[in-house]
Chemist: 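Take this structure, written in structure tokens, and hold onto it; I'll ask about it next.
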Amino acid sequence: MTAQFACDPATSRGRLYPEEESAFRSCFQRDRDRIIHASAFRRLKHKTQVFIEHEGDYFRTRLTHSIEVGQVARTISKTLGLDLELTEAVALAHDLGHTPFGHTGEDALDALMQPYGGFDHNAQAIRIVTALERHYADFDGLNLTWETLEGIAKHNGPVKQPIPHALAAYNARHDLELHTHASAEAQVAALSDDIAYNHHDLHDGLRAELFSTDELAELPIVSDCFAEVDRIYPGLNYYRRRHEALRRFFGVLVSDVITVTRANLKELDPKSPEDIRAAGRMMVQFNPALWSDLKVIREFLFHRMYRAPGVIEMRAQVTKVINELFPLFMSDPALLPKQWRKDVAEIETETELARLVGDYIAGMTDRFALQEHARLTGSDVISARS
């Protein structure tokens, strides 16, 4: 049963460029399908989540992470009576703006872009779906509905000043009401992101042997999950044991969000999506006690995984890649591919050139960035490291 506060495709605020709607797909389903077919979505296959793309076939990439987020989001959304297609559209699009090399690449590009307005991956996702995807005859971008764009822009809450450059530029044309909270569907996508990465980063850290199963079993929440597995399956195989424990950990997070969100909604008693947006706080949340435990887990992962010596060494190498590519393209825009030449010809200021170069580098996959760097500089940072 659809909740009163769910977004209704029949009453969508529509698209920037009016289109005749599909006879057999809702507008939100159409948004989701356009995102899946976007070039930027396919490129997530070779973009870092934590480990650089070449470091192993089993580690999560931005694409597999996004699919996991979409799966969690659909489960929670269905349970709460929300619109599944809108929830999934926001979930699948939430990482489209990420650079190569994960947050390391973003930090490097943001530093280089500071004189020109900086770089923010959420704002870049908006730029991709409103301008950089150029496949349709009638418009640039994907021409998504207002609700999907709103969800991508502010799924983590109202956007604080200063508004990132790429987001501010689009918002001036199409007001996404950045000062309010997003729909319940978008909030579900945001918490599903937290659930997915808290779960799979523990998996990937174990596979990379950055910490042991015994260390993992001492963490809050996870320790109870191991205890339950040992009670039900005494003497279980090592790998199955830890998988069963992490599967239960995943379930605990999902169940907690559903329970807390239901309580929040009961207290607010919203009658429409606008009541959710005007609530003044996030409706989709973890229990404070569980959130506190998750902070302990994130601290563990920060020190044992994100700042592990091997990861730190790779961070330095890929930062060098971004730091050397950016000035090369700035000094010689002719190095950009042919399909970018028309944009280069229309540039009037250094800031416009920097934004264009930033778009190009941000769109690179890990593999392509390493290949381009090696081709243009003669330096192969991966071979040098090994």
Chemist: Find out whether Cys7 and Phe28 are in side-chain contact, i.e. whether some heavy atom of one side chain is under 4.5 Å from a heavy atom of the other.
Modeler: yes
Chemist: With a 6.0 Å cut-off on the ring centroids, do His37 and His135 count as close?
Modeler: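 His37 vs His135: aromatic centres not under 6.0 Å.
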Chemist: Starting from the C-alpha separation in whole Å, work towards a yes-or-no answer on side-chain hydrogen bond (donor to acceptor under 3.5 Å, both in side chains) for Asp380 and His373.
Modeler: CA-CA 7 Å; Asp380 187 341; His373 179 263; over 6 Å; no
Chemist: Would a line drawn from the ring center of Tyr170 to the ring center of His174 be shorter than 6.0 Å?
Modeler: yes
Chemist: Using a strict cut-off of less than 4.0 Å between a Lys/Arg side-chain nitrogen and an Asp/Glu carboxylate oxygen, indicate whether Arg13 and Glu150 qualify as a salt bridge.
Modeler: no
Chemist: Under the criterion side chain to side chain contact (heavy atoms under 4.5 Å, CB included), I'd like the reasoning laid out for Arg60 against Glu68: C-alpha separation, chi angles, the key distance, then a yes or no.
Modeler: CA-CA 10 Å; Arg60 267 69 172 192; Glu68 291 183 33; 3.0 Å; yes
Chemist: Evaluate the side chain to side chain contact (heavy atoms under 4.5 Å, CB included) criterion for residues Leu294 and Leu253: first the C-alpha distance (whole Å), next the side-chain angles of each, then the deciding distance (0.1 Å), finally the verdict.
Modeler: CA-CA 10 Å; Leu294 281 179; Leu253 301 189; 4.0 Å; yes
Chemist: Tell me, do Arg240 and Tyr233 make a side-chain contact under 4.5 Å, heavy atoms counted?
Modeler: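 No, side chains not in contact.
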Chemist: Are a donor atom and an acceptor atom from the side chains of Glu352 and Tyr116 found within less than 3.5 Å of each other?
Modeler: no
Chemist: Using ring centroids (six-membered ring only for Trp), state whether His94 and His121 fall under 6.0 Å.
Modeler: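 When the ring centroids of His121 and His94 are compared, they turn out to be at least 6.0 Å apart.
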Chemist: Just checking Glu350: does its CD atom have more than 12 heavy atoms from other residues, nucleotides or ligands closer to it than 6.0 angstrom?
Modeler: no
Chemist: Indicate the ring-plane relationship of His65 and Tyr197, choosing parallel, tilted or perpendicular according to the 30° and 60° boundaries.
Modeler: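 Rings of His65 and Tyr197: tilted, 30 to 60°.
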Chemist: Does the side chain of Arg315 come under 3.5 Å of the side chain of Tyr306 through a donor N or O and an acceptor N or O?
Modeler: no
Chemist: Are any of the side-chain heavy atoms of Leu167 and Gln124 separated by less than 4.5 Å?
Modeler: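 SC-SC contact between Leu167 and Gln124 ruled out.
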Chemist: Do the side chains of Lys154 and Leu176 get nearer than 4.5 Å, heavy atoms only?
Modeler: no
Chemist: Check whether Asn264 reaches the backbone of Met283 with its side chain - one donor and one acceptor, N or O, closer than 3.5 Å.
Modeler: yes
Chemist: For a salt bridge (charged side-chain N to carboxylate O under 4.0 Å, His left out) check, start with the C-alpha distance between Glu244 and Arg241, then their side-chain angles and the critical distance, and finish with the verdict.
Modeler: CA-CA 5 Å; Glu244 283 292 329; Arg241 175 176 178 260; over 6 Å; no
Chemist: I want to check a possible cation-pi pair here: Arg34 against Tyr136, using under 6.0 Å from ring centre and within 45° of the ring axis as the test.
Modeler: yes
Chemist: Taking the basic N atoms (NZ, or NE/NH1/NH2) and the acidic carboxylate oxygens, is any pair closer than 4.0 Å for Asp359 and Arg127?
Modeler: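 Salt bridge flag = yes for Arg127 with Asp359.
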Chemist: Can you find a heavy atom in the side chain of Tyr17 that is under 4.5 Å from one in the side chain of Asp138?
Modeler: no
Chemist: Between Arg248 and Asp224, does any NZ, NE, NH1 or NH2 come within less than 4.0 Å of an OD or OE carboxylate oxygen?
Modeler: no
